[in-house]
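Note that these values count all heavy atoms, side chains included, but never hydrogens, waters or copies made by symmetry. Keep in mind it's a predicted model, so treat the numbers as computed, not measured.
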Amino acid sequence: MRIQDDFHETYAVVLDGYHSFCVWLDNKNEKWCASKNVAIDPDAINEIIHRISVPPQVS
């Protein structure tokens with residue numbers, strides 16, 4: 001879910017069995033960041049960011 005943020009492209013992530021957390025695009029460094037206390041495998045976070053980053057295909 002996209003969150004209104006005046007500084008970054010920010011999304012709230014809610015996964016079954018986990019606490020919710022945020023990911024955001026740091027435009028200055030052109031790097032995706034995640035909340036500091038995310039207790040989830042880094043590969044899972046990378047998959048979430050990949051899905052957010054891929055533009056939807058138009059049929």
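- Evaluation of the side chain to side chain donor-acceptor pair (under 3.5 Å) rule for Asn46 yields no partner, not counting sequence neighbours.
- With sequence neighbours excluded, the residues forming a side chain to side chain donor-acceptor pair (under 3.5 Å) with Trp32 are Ser53, listed by chain and number.
- Inter-residue side-chain proximity for Thr10 and Val23 is flagged as unmet; no heavy-atom pair is nearer than 4.5 Å.
- By the side chain to side chain donor-acceptor pair (under 3.5 Å) test, Ser20 pairs with no residue at all, sequence neighbours left out.
- Taking Glu9 as the reference, nothing meets the salt bridge (charged side-chain N to carboxylate O under 4.0 Å, His left out) condition, with sequence neighbours excluded.
- The side chain to side chain contact (heavy atoms under 4.5 Å, CB included) check on Ser35 picks up Phe21, Cys22, Trp24, Val38, with sequence neighbours excluded.
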